[in-house]
Amino acid sequence: MSKVRTRFAPSPTGFLHLGSARTALFNWAFARRHGGELCLRIEDTDLERSTSESEAAIVEGLAWLGFDWDGAIFRQSEHRVRHAELVEQLVEKGHAYRCTCSAQDIEARRQAAIAAGRNWVYDGRCRDAKHGPDSGPHVVRLRLPAEGRFEWDDLVFGPSGKDAAEIGDAIIRRSDGTPLYHLAVVVDDLDMGITHVIRGADHHLNTALQLALYDALERPPPRFAHLPLIVNAEGKKLSKRRDPVSVQDFRDQGYLPEALCNWLARIGWSHGDQEIFSMQEIRDHFDLAGVHRSAGQADPGKLAWLNQHWIKTLPGDALFERARPFFEAEAGRPVALDASLARLIELLRERSKTLVEMARLARFLLVDEVVSDEAAVRKHLRPEILPALEDLAARLAALPAWDEASLAGAFEAACAAAGGLAMGKLAQPVRVAVTGSAVSPGIHETLAVLGRERSLARIGAALERLRAG
RNA sequence: GUCCCCAUCGUCUAGAGGCCCAGGACCCGGCCCUUUCAAGGCCGCGACACGGGUUCGAAUCCCGUUGGGGACGCCA
């Protein structure tokens, strides 16, 4: 087998969504696993709907996910001449013909066929009309054999095929002269030297028509592999309109690319019982033979769990870089990694399902004016704690060293002095005083991270508030 | 309507005739740990769609039924 070359070929008509991302992932993994190449092709033959913003969004999404591709981006619109040439060639050889049936006529005949309970494929009216180039508005249709069957051995679906009679003479060039999807795909896959077409199962039966095109072009087809669809909670194919599934949205919600790829990889593919896959493991183990044929749902709960796993696993500085935008959004200013923040990240990584959540929990360190959760204040900063809190504040202020062990000692002493006060009775008020919230890492750790000055100031402010009633 | 595909816990899946009165993971519930929240540990709930075959033996093979999905564009 020659060197493997796959391609990811999105149409730039929106953001990069989950289904496309998984197709990209599997194309990437397959190519890399086999020491081959991955090409990126933008299928912009439909100029009405294609936008450069969308192309940029797709490229950005792919880069964020961590996929690298080989060579320059291939845009179908830049290969118009080539497409036109081959259509002409097909017409000359009699593999295609001009059709002057108007869209309205076709629609009327289609409706009639359906009304009569017949299955509709183009009825071949212009097949042998031999319309020339000057016969007015026309499209070009591929001439399919009247009989026979197009078959291929799908790398996922196994032996597959469709009768030529059920395909119908498909249009390959619009009346405005632009090529249609199937023609462009086949020509470009050929020109790019694609060896494996790995795409969504919604293209499974389209393969037959494309095989007819390969025949007409007298070129051998590549191998095909169709991936099971990812469906929404209703079991329906993911739709850009209905389902909020853009890769950028996941990023903005604080999901890591590692988690997203891991999640996607396990939908429709498995490697024994293994659940956790790094990008490296995906590319080492990915195998088309392990891909299923049944559609799968994307479970948000599993994503959250995987995201937390990767948050727990990533090296600290890498995690900081991922979290930085979220910290900065929370702080409202640039944030640099210092010892306190590094320590806080270590404390927070076990309690954050997303980077958004992590940033929210880090807020008490990032800003000077903490916003207090009033319910927590009412519950924990009550007058009866005032004496113990004052005693603790004094002990803290007198501490020679502001480290976790010393802080723990001060708390123990204060609890003992208060007649064996339960640790929680004192820790919660302090937690609310310094973080504004009833939830944070351990209180000693929290104070150590915050530092002596800010901690004492916030406790002092809480005391003032308590004294004031 | 025509053609195609699929069918194991709510979800993702292991399972390629006996290792399965079905294993793992997520979710959910409980317990432990504990200064909060998590994390972690332990336990639990929970499925081979149905009906026929084949076989000594079927989640695994065959047929049918039912259910779900996909494709049938001058979209990709």
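Predicted model only: the values in this text are computed from it and were never measured.
- Note on Asp176(A): nothing from the nucleic acid sits closer than 4.0 angstrom, heavy atoms only.
- Taking only distance into account, the side chain of Lys302(A) meets the base of A25(B) through a donor-acceptor pair shorter than 3.5 Å.
- C20(B) and C37(B) have their C1' atoms separated by 40 Å, with the value rounded to a whole Å.
- The residue Ser440(A) sits close to a base: some heavy atom pair falls under 4.0 Å.
- Dashed line: the shortest gap from a side-chain N or O of Arg174(A) to OP1 or OP2 of C75(B) is under 4.0 Å.
- Across all strands, His380(A) comes closer than 4.0 Å to no nucleic acid atom at all (heavy-atom distances).
- We find that CG of Leu183(A) is positioned 16 Å from C1' of G73(B), with the value rounded to whole Å.
- Comparing atom distances between the Gln297(A) side chain and each of C12(B), A76(B), C37(B) picks out C12(B) as nearest.
- Nucleic acid contact for Glu275(A): base, since at least one base atom lies under 4.0 Å from a heavy atom of the residue.
- In a base pair of the Watson-Crick type (N1 to N3 plus N6-O4 or O6-N4) or a G-U wobble (N1-O2 and O6-N3), with each distance short of 3.5 Å, C9(B) is matched with no nucleotide.
- Between the P atoms of C21(B) and U11(B), the separation comes to 24 Å (whole Å).
- A gap of 14 Å separates the P atoms of C63(B) and C4(B), to the nearest Å.
- For Ser294(A) and G68(B), the shortest distance from a side-chain N or O to OP1 or OP2 is not below 4.0 Å.
- Side-chain nitrogen and oxygen atoms of His292(A) include at least one within less than 4.0 Å of the OP1 or OP2 phosphate oxygen of U13(B).
- The side chain of Lys312(A) approaches G40(B) more closely than any other nucleotide in the set U11(B), G40(B), G70(B).
- Between the P atoms of U60(B) and C9(B), the separation comes to 14 Å (whole Å).
- Ser270(A) has a side-chain polar atom (N or O) that falls below the 4.0 Å cut-off from OP1 or OP2 of A14(B).
- The base-pairing partner of C37(B), taking Watson-Crick or G-U wobble contacts with both distances under 3.5 Å, does not exist among the strands shown.
- Going from atom CD of Gln428(A) over to atom P of A38(B) covers 12 Å, rounded to whole Å.
- Taking the six-membered ring for Trp and thresholds of 30 and 60 degrees, Tyr122(A) and Trp120(A) have ring planes more than 60 degrees apart, a perpendicular arrangement.
- The distance from atom CG of Leu348(A) to atom P of U36(B) is 17 Å, rounded to the nearest whole Å.
- For Asp202(A), whose side chain is taken as the heavy atoms from C-beta onward, the closest listed nucleotide among U35(B), G70(B), U36(B) is G70(B).
- Of the two residues near RNA chain B, Ala298(A) and Ser11(A), the one whose nearest nucleotide lies more 5' is Ala298(A).
- At a threshold of 4.0 angstrom between heavy atoms, the contacts of Pro441(A) include nucleobase atoms, whether or not backbone atoms are also involved.
- Across the interface with RNA chain B, nearest-nucleotide mapping of Glu166(A) and Gly268(A) shows Glu166(A) to be the residue nearer the 5′ end.
- In this structure, Asp243(A) does not pair ionically with Lys236(A), as no charged nitrogen and carboxylate oxygen lie closer than 4.0 Å.
- Residue contacts shown for Thr13(A) are absent, as no nucleic acid heavy atom lies under 4.0 Å away.
- The interatomic distance linking Asp273(A) (CG) with U13(B) (P) rounds to 13 Å, in whole Å.
- Residues Arg266(A) and Glu281(A) are not paired through a salt bridge, judged by the lack of any N-O separation under 4.0 Å between the basic side chain and the carboxylate.
- A donor-acceptor contact shorter than 3.5 Å is absent between the side chain of Asp188(A) and the backbone of Arg75(A).
- Between the C1' atom of C33(B) and the CE atom of Met423(A) lies a distance of 16 Å, rounded to the nearest Å.
- Nucleotide A49(B): paired with U65(B) (Watson-Crick or G-U wobble, both distances less than 3.5 Å).
- Relative to the side chain of Gln308(A), the nucleotides C75(B), A39(B), U36(B) differ in distance, and A39(B) lies closest.
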Dump the intermediate steps for side-chain contact (heavy atoms from CB on, under 4.5 Å) on Leu399(A) and Leu396(A), then the final yes or no. CA-CA 5 Å; Leu399(A) 236 34; Leu396(A) 290 176; 4.0 Å; yes

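- Relative to the ring axis of Phe74(A), Arg7(A) does not place its NZ or CZ within 45° and under 6.0 Å from the centre.
- Between U2(B) and C61(B), the distance separating the two C1' atoms is 30 Å to the nearest Å.
- Contact annotation for Arg293(A): backbone-only contact, meaning every heavy-atom pair under 4.0 Å involves sugar-phosphate atoms and none involves a base.
- Taking atom P on both U55(B) and U13(B), the two are 34 Å apart, rounded to the nearest angstrom.
- Across all strands shown, Lys236(A) has heavy atoms under 4.0 Å from sugar-phosphate atoms exclusively, and none from any base.
- Remark: Glu384(A) engages Arg382(A) in a salt bridge, criterion side-chain N to carboxylate O under 4.0 Å.
- Note on Phe411(A): nothing from the nucleic acid sits closer than 4.0 angstrom, heavy atoms only.
- No contact: Cys415(A) has no heavy atom under 4.0 Å from any strand.
- A 3.5 Å limit on both hydrogen-bonding distances identifies no Watson-Crick or G-U partner for U54(B).
- Protein atom CD1 of Ile114(A) is 13 Å distant from nucleotide atom P of C72(B), rounded to whole Å.
- In this structure, Arg49(A) reaches the bases: a heavy-atom distance under 4.0 Å links it to at least one base atom across the strands shown.
- Taking 3.5 Å as the limit, the base of U35(B) and the side chain of Arg431(A) contain a donor-acceptor pair of atoms between them.
- With rounding to whole Å, Asp163(A) atom CG is found 15 Å from U2(B) atom P.
- Ring to ring, His131(A) and His138(A) are not that close: their centroids are 6.0 angstrom or more apart.
- The listed nucleotides are A76(B), C74(B), G24(B); the one nearest the side chain of Arg266(A) is G24(B).
- Base pairing of G44(B): its partner is C28(B), meeting the Watson-Crick or G-U wobble criterion (both donor-acceptor distances under 3.5 Å).
- Side-chain atoms of Asp169(A) and Tyr97(A) form a donor-acceptor pair, as typed in the model, at a separation below 3.5 Å.
- Taking atom C1' on both C19(B) and C12(B), the two are 25 Å apart, rounded to the nearest angstrom.
- With rounding to whole Å, Leu205(A) atom CG is found 19 Å from A76(B) atom P.
- Heavy atoms of Gly161(A) sit nowhere under 4.0 angstrom from any nucleic acid atom.
- A donor N or O paired with an acceptor N or O is not found under 3.5 Å between the base of G40(B) and the side-chain atoms of Glu350(A).
- In this structure, the nucleotide among U35(B), A71(B), C75(B) sitting nearest to the side chain of Asp46(A) is C75(B).
- Minimum atom distance to the side chain of Trp305(A) is reached by A25(B), of the listed G24(B), G73(B), A25(B).
- Between Trp263(A) and His309(A), the ring center distance fails the sub-6.0 Å criterion.
- Across G52(B) and G57(B), the matching P atoms stand 15 Å from one another, rounded to whole Å.
- Under the Watson-Crick or G-U wobble criterion, with both distances below 3.5 Å, G1(B) is paired with C72(B).
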